[in-house]
Number of protein chains: 2
Amino acid sequence: MFTPLFDHIQKFVTLEPSEIDLLQSCLKLAKIKKKEHLLQEGQVCNTIYFITKGCARQYIINSKGTEQTLQFAIENWWITDYLSYHNTTPSHFYIQTVENCELIAIEKNTLESLLIEIPKLERYFRIVSQKSFGAAQMRIKFLFTMSAEERYHHFNNLNPDFVQRVPQYMLASYLDFSAEFMSKIRAGKV
Amino acid sequence: MFTPLFDHIQKFVTLEPSEIDLLQSCLKLAKIKKKEHLLQEGQVCNTIYFITKGCARQYIINSKGTEQTLQFAIENWWITDYLSYHNTTPSHFYIQTVENCELIAIEKNTLESLLIEIPKLERYFRIVSQKSFGAAQMRIKFLFTMSAEERYHHFNNLNPDFVQRVPQYMLASYLDFSAEFMSKIRAGKV
DNA sequence: CGGTCTCTTGACGGAGTTCAAAGCTAGTGG
DNA sequence: CCACTAGCTTTGAACTCCGTCAAGAGACCG
């Protein structure tokens, strides 16, 4: 039941059986229904989440009252607000499940102990977060250089299966255009 | 001469004197003139840079042939292309000095050895890159929710001293609008 | 089924781009 | 130390991509 996480970790570091046992004893699997919140804006984030099944997203509510999705997380992705987590400051974001999810939630206290007991995890999270940062840079590049239509087609090509899983208005906001415009792109009326 | 880096590291982890000696023996300070490139698009990135003096930026050239700055790095910031670095793939970015710089360049080989010799550095880089990732998320939030004029004023308020240091067209592209439009914002003609 | 989300369509408007030309500034070499 | 030049900034007019609004059509879930 924790195997997706162990598999993911073993891609980057090799844990001893004893370390796996220790880690396992600290983990809890949670089943969360669709549309539930893992984090609310204004709340201090002190948990990190690893999705083993389903899909979650990080979003904000803009000045017009519309939700805008900043990030999706699917199987084998971590999701949290690292700024709020590290600085113990109120979060600017909501984190919400998009589908019924199974996920591993690790509290800050637990994680801090684990990182001390199993220093290899420092390496694991270092590599994972450097890659995430790299991916965020690429995301900004695409937002900068592509038109709305190009972003849509590009995303569709890279994630043909994922597109089915989320409502179109969420994807539209992730790609930074309106749901109406997305509809026109899909209809070829643009 | 390496003190800015040691100071920065000691904010997050405490190194033993022997570790400091080892680290020091592996570092080289480089003086780089303004407008020189540390990384070219298409090249595999196998160096990370810590700025001790000056300013550098990561940028791309868009389809119209215009440079667009994705990130600035000033004193006490790391800059590199982590995706190219980790995957050994050609970079999508240029990295270039904006001012005359003094920086510490660490090759991938050297860094990998250092991380093994001084495991605390794993922790240091984990924390730094998680914070960077958090900052990238905030950047995307601002790009999504603010108008061009709001982004300009917001950036000016947060970095009043920095704005003087870079040409306006670089800052305009970083904030994702044209140099001409920036000029109009500054003149209050918008 | 009934109501609430979600998606579509068209008309209109506006924030920001593009282009071209002129004005300014700073660095460089004589 | 001045003059020249290349790079940077400003300005205005025309244009365009995409947002907003409003209304209707589906689709899904209880």
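Chain letters run A, B, ... following the sequence lines, proteins first and then strands; every chain starts at 1. The figures that follow rest on heavy atoms only: side chains count, while hydrogens, waters and symmetry mates do not.
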May I ask you to say what Lys34(B) touches in the nucleic acid, namely base, sugar-phosphate or nothing, with a heavy-atom cut-off under 4.0 Å?
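Nothing, no heavy atom under 4.0 Å.
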* Hey, does Phe177(B) reach any base, or is it just sugar-phosphate, or nothing, if we go heavy atoms under 4.0 Å? ->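 Contact class for Phe177(B): sugar-phosphate only.
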- [ ] Report yes if at least one side-chain N or O of Arg186(A) is closer than 4.0 Å to OP1 or OP2 of dC7(C); otherwise report no.
- [x]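 False: Arg186(A) side-chain N/O out of range (4.0 Å or more) of dC7(C) OP1/OP2.
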Respond yes when some side-chain nitrogen or oxygen of Ser178(B) is under 4.0 Å from OP1 or OP2 of dT17(C), and no when none is.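 Yes, Ser178(B) has a side-chain N/O under 4.0 Å of OP1/OP2 on dT17(C).
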Gap between atoms [atom1] and [atom2], on [X] and [N] respectively (whole Å):
| X | N | atom1 | atom2 | answer |
| --- | --- | --- | --- | --- |
| Asp176(A) | dG19(D) | CG | P | 7 Å |
| Lys64(B) | dT16(D) | NZ | C1' | 11 Å |
| Lys35(A) | dC28(D) | NZ | C1' | 13 Å |
| Leu171(A) | dT6(C) | CG | P | 14 Å |
| Met170(B) | dT9(D) | CE | P | 9 Å |
| Tyr169(A) | dT20(D) | OH | C1' | 19 Å |
| Glu149(A) | dC18(D) | CD | P | 8 Å |
| Tyr152(A) | dC18(D) | OH | P | 15 Å |

Less than 6.0 angstrom separating the ring centers of [X] and [Y], yes or no?
| X | Y | result |
| --- | --- | --- |
| Tyr59(A) | Phe93(A) | no |
| Phe125(B) | Trp78(B) | yes |
| Phe155(A) | Phe142(A) | no |

Donor-acceptor check, side chain of Lys108(B) to backbone of Tyr85(B), threshold 3.5 angstrom: yes or no?
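Yes; judged by distance alone, with no hydrogens or angles, the pair exists.
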| So does Glu75(B) pair up with Arg165(B), basic N to acidic O under 4.0 Å? |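 Salt bridge flag = yes for Arg165(B) with Glu75(B).
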task: Ignoring hydrogens and angles, answer whether the base of dG12(D) and the side-chain atoms of Lys184(B) contain a donor-acceptor pair closer than 3.5 Å.
output: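 When only heavy-atom distances are counted, Lys184(B) does reach the base of dG12(D) through a donor-acceptor pair under 3.5 Å.
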Exercise. So Lys120(B) and Glu122(A), salt bridge (charged side-chain N to carboxylate O under 4.0 Å, His left out) or not? Walk me through it.
Worked result: CA-CA 9 Å; Lys120(B) 281 173 200 159; Glu122(A) 293 280 7; over 6 Å; no
Notebook entry, point to check: What nucleotide among dC7(C), dT10(D), dC21(D) has an atom nearest to a side-chain atom of Glu180(A)?
Noted result: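 Nearest to the side chain of Glu180(A) among the choices is dC21(D).
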Derivation of the salt bridge (charged side-chain N to carboxylate O under 4.0 Å, His left out) call for Glu107(B) and Lys28(B):
CA-CA 10 Å; Glu107(B) 301 291 321; Lys28(B) 264 175 277 178; over 6 Å; no
Exercise for the section: Note the angle between the end axes of the helix from dC1(C)-dG30(D) to dG30(C)-dC1(D), five pairs defining each, rounded to 10 degrees. Expected result: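 Result, rounded to 10 degrees: 60°.
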